[in-house]
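Reading through the structure tokens given below for one structure.
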Amino acid sequence: MAKFAQVIVDVPTMQTNRPFDYQIPTLWQAQLKPGMRVVVPFGKGKRRVQGFVIAISDEASFQGQLKPIIQVLDLQPVLNTELLALAKWLATRTFAFQISCMQTMLPSVMKASYVKKVQLVAGAPAAAKALFHGHSQLDVADLGSAELKQVLALQRQHLVTVSYQVHDRAKVKTVKAVQPLCSQAAYVAMAKKIPANAKRQHQLLDFLSQHATAKKPLPLPQITAATGLTLTHMHTGEQKGWLKVVALETYRDPYAKLAQVPRTQPLTLTAEQRTAVAQITAASEQQQAKTFLIEGVTGSGKTEIYLQTIQSAIAAGKTALMLVPEIALTPQMVTRVKGRFGQRVAVLHSGLSQGERYDEWRRIERGEAQVVVGARSAVFAPLTKIGLIVMDEEHETSYKQDDMPRYHARDVALWRARYHHCPVVLGSATPSLESRARAQKGVYQLIRLKKRANQQPLPEVTVVDMKNELKKTKESNFSSLMLQALRQRLVHKEQSVLMLNRRGFSSFVMCRDCGFVLKCPNCDISLTLHMDTHTMKCHYCGHEEPIPQICPNCHSRKIRYYGTGTQKVESELKQLLPQARVLRMDVDTTRRKGAYGKILHQFGQRQADILLGTQMIAKGLDFPEVTLVGVLNADTALGLPDFRASERTFQLLTQVSGRAGRAAKKGEVIIQTYNPEHYAIRLARHHDYEGFYKREMTLRHQGGYPPYYFTILLTASHPEENEAAKKIFQLMNQIKPALSPQAILLGPTPRAIARVNRRYYYQMVIKYKREPKLESVLAQIMQENQARNGIQIAIDREPLSFI
Ligand code: ADP
Ligand code: ZN
Ligand code: ZN
């Protein structure tokens with residue numbers, strides 16, 4: 001029997017980023033398995049922490065006396081063999097702590113919280129006891145400041161001890177249920193002995209005799225709904241020995257309302273869809289860990305391909321994982337998947353309460369759900385026997401996590417696919433350049449869908465040059481063409497979607513006469529406005545110059561911060577089109593839980609004519625009555641200080657254009673811009689992804705950017721600006737000798753938002769193709785520098801944002 005356990009402890013520093021040996025108390029030796037959570041003592045003093053058992057053995061590697069495990073928190077492993085291996089890989093791959101990786105994989109309620117408790121020592125004087133009001137211990141969090149002062153004084157006199165206790169927040173929800181205890185005949189006999197006027201008792205006995213053979217307890221809410229009998233009546237029955245009231249484990253069902261979603265049947269596939277489904281299904285059946293990239297125009301019916309390939313995977317007794325970006329996980333998408341697979345679907349996203357997430361997770365873990373739909377972290381869903389992994393809108397940046405572990409869900413999906421020998425399907429109308437380039441090289445298999453499923457052409461796109469408009473109208477957000485098109489929709493009782501791009505709001509400077517955006521002379525990246533220093537800065541090389549007063553290009557004085565808010569646009573819209581019913585969707589109107597779904601529902605019910613929103617409205621929506629899509633400001637994304645600015649703009653315009661004309665009626669798109677000649681806008685206008693891909697690849701090649709180079713972003717932060725700067729230069733000097741002359745170092749520079757939460761951030765970027773020594777140098781940096789002297793180091797592999 002195993003006597004020792006290797007435990008990864010919940011102390012996130014690099015010094016503890018390795019397993020520690022503990023003794024397994026005899027009591028648990030037969031039960032303890034890798035993947036279970038335990039409570040262990042750690043370090044000096046009385047500190048107790050949560051940990052994950054990753055291995056058990058008969059021999060300990062550590063010589064000397066080992067501390068015993070204090071408590072075992074799980075009866076079954078919460079991380080299976082696959083996920084334990086994945087956590088290990090992920091930690092190395094993303095320069096993260098193993099404990100952070102493990103915690104990321106689990107619902108957040110399973111992350112321990114620590115309570116600080118104080119206890120009286122034996123023989124403490126009465127004055128000290130008074131503070132405890134008869135309790136044996138106190139929770140420090142409950143103490144007021146006066147009491148806290150007293151406790152601290154007692155601690156100095158060694159009259160109280162302080163300890164940390166691990167608190168598991170995961171709570172199983174239960175309902176009251178009724179278990180009949182007697183036979184049918186017995187109930188009938190009892191009924192005869194009860195006075196006729198005891199109506200409720202008769203009713204209860206009647207109910208019990210009908211359900212006397214029930215093997216499982218009957219949920220009380222259902223009994224109450226059917227008979228009107230309540231818990232009080234059950235308690236009476238319990239006293240008489242007729243029944244037993246028990247607690248029945250149940251799930252919080254966030255989609256209870258969707259339970260009645262009408263089931264849908266598979267559609268007859270178009271020729272393009274059919275070839276795609278055939279290839280993917282074949283790979284799934286032959287257990288090939290192949291990656292497909294579906295490059296399909298908006299409305300080409302990618303979702304139907306996902307649904308039918310998932311269907312064959314589960315028909316073969318396997319499970320399927322479908323990832324969608326948080327923002328696209330609309331009730332519409334959930335309805336589509338639930339409509340096809342009903343109760344077999346579990347949904348995971350941040351809109352659920354922690355309890356709901358935990359319940360969905362348990363349904364997956366117990367094999368009760370075979371299809372998982374979810375946002376980024378659903379990639380860790382505890383599915384076994386995965387037969388297919390789908391990643392919709394694979395280009396979306398929300399698939400990358402900003403905090404440790406800084407992972408990309410795509411990398412994790414590919415790892416799991418190799419583990420399960422199953423295919424991965426990446427889908428998008430505008431694949432990321434990285435993925436499209438991999439398909440070019442044959443690493444991924446490219447599947448192109450060129451037609452819409454409804455046989456309609458893609459919508460006609462008109463580009464309005466706002467430079468000319470400005471001369472006509474006085475700084476309005478609406479061109480005359482846009483207004484005219486909106487009016488026309490009102491007359492015809494059709495719906496419109498208006499997008500206001502708020503990304504990069506006010507952070508750059510643009511000339512309103514010529515569209516000129518100030519760029520770095522060294523990097524060809526837009527400069528970012530820093531109000532604190534009143535300068536324009538380059539986030540890549542550190543170049544800095546004064547904020548221009550006149551346009552360097554056309555000498556106009558109308559050069560200014562660019563940006564405008566949805567609220568302002570809404571009020572202008574109300575002035576211009578008082579008869580229009582407008583729904584606004586932005587961070588302000590969707591903050592409350594369920595608000596997002598409600599707005600979409602209202603719009604779907606045609607309670608509004610215009611849906612005005614930020615890029616939130618660009619993704620995945622499918623409203624048949626929308627015939628006009630307007631983009632009010634296509635330029636804001638172009639101004640971002642990021643080499644992916646054009647790619648983001650092209651993606652966004654293509655996505656939002658795709659919302660028009662999805663059913664029988666023809667769609668129209670109007671894009672307002674100050675840069676009508678920009679290739680991202682020109683090519684989006686012609687729905688020309690392939691053209692964009694070729695053009696952008698040339699530029700990336702010239703600029704030495706991904707996918708031609710790998711990138712790593714290194715950030716150092718400290719409350720003192722000096723310290724952060726000193727550290728980043730020191731790191732640069734440490735890394736430089738390990739690099740070949742082909743590698744390129746950018747920076748160090750202060751980060752765009754240089755001070756956050758009273759910390760200063762400095763960063764540098766490493767661009768490279770092949771650097772065998774880089775990994776070990778970075779791992780060493782993490783090891784040496786973590787959380788020392790207030791310094792924090794972050795290493796981000798393939799960052800998607802440099803701001
Ligand atoms: P995408 O995700 O590629 O933008 P969707 O999957 O949303 O496209 O499909 C667009 C529309 O076409 C949806 O309304 C969908 O129901 C419909 N559709 C998809 N495939 C078919 C098909 N084979 N026959 C008829 N309609 C289809
Ligand atoms: Zn620069
Ligand atoms: Zn100008």
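Ligands are counted one by one from 1 in listed order, and the atoms in each one are counted from 1 as well.
Looking at residues two or more places apart in sequence or on another chain, you find no side-chain hydrogen bond (donor to acceptor under 3.5 Å, both in side chains) involving Glu272. With sequence neighbours excluded, the residues that form a salt bridge (charged side-chain N to carboxylate O under 4.0 Å, His left out) with Arg448 are Glu295.
The pair Asp642-Arg648 does not meet the salt-bridge criterion, since no charged nitrogen lies less than 4.0 angstrom from a carboxylate oxygen. Using a 4.0 Å cut-off between charged side-chain N and carboxylate O, Glu460 and Arg685 make no salt bridge.
The aromatic ring centroids of Phe650 and Tyr693 lie 6.0 Å or more from each other.
Residue-level contacts of ligand 1 at the 4.0 Å heavy-atom threshold are Leu267, Thr268, Leu269, Thr270, Gln273, Val297, Thr298, Gly299, Ser300, Gly301, Lys302, Thr303, Glu304, Arg336, Ala453, Asp622, Arg662.
Screening residues 366-388 for salt bridge (charged side-chain N to carboxylate O under 4.0 Å, His left out), with sequence neighbours left out, gives Glu249-Arg366.
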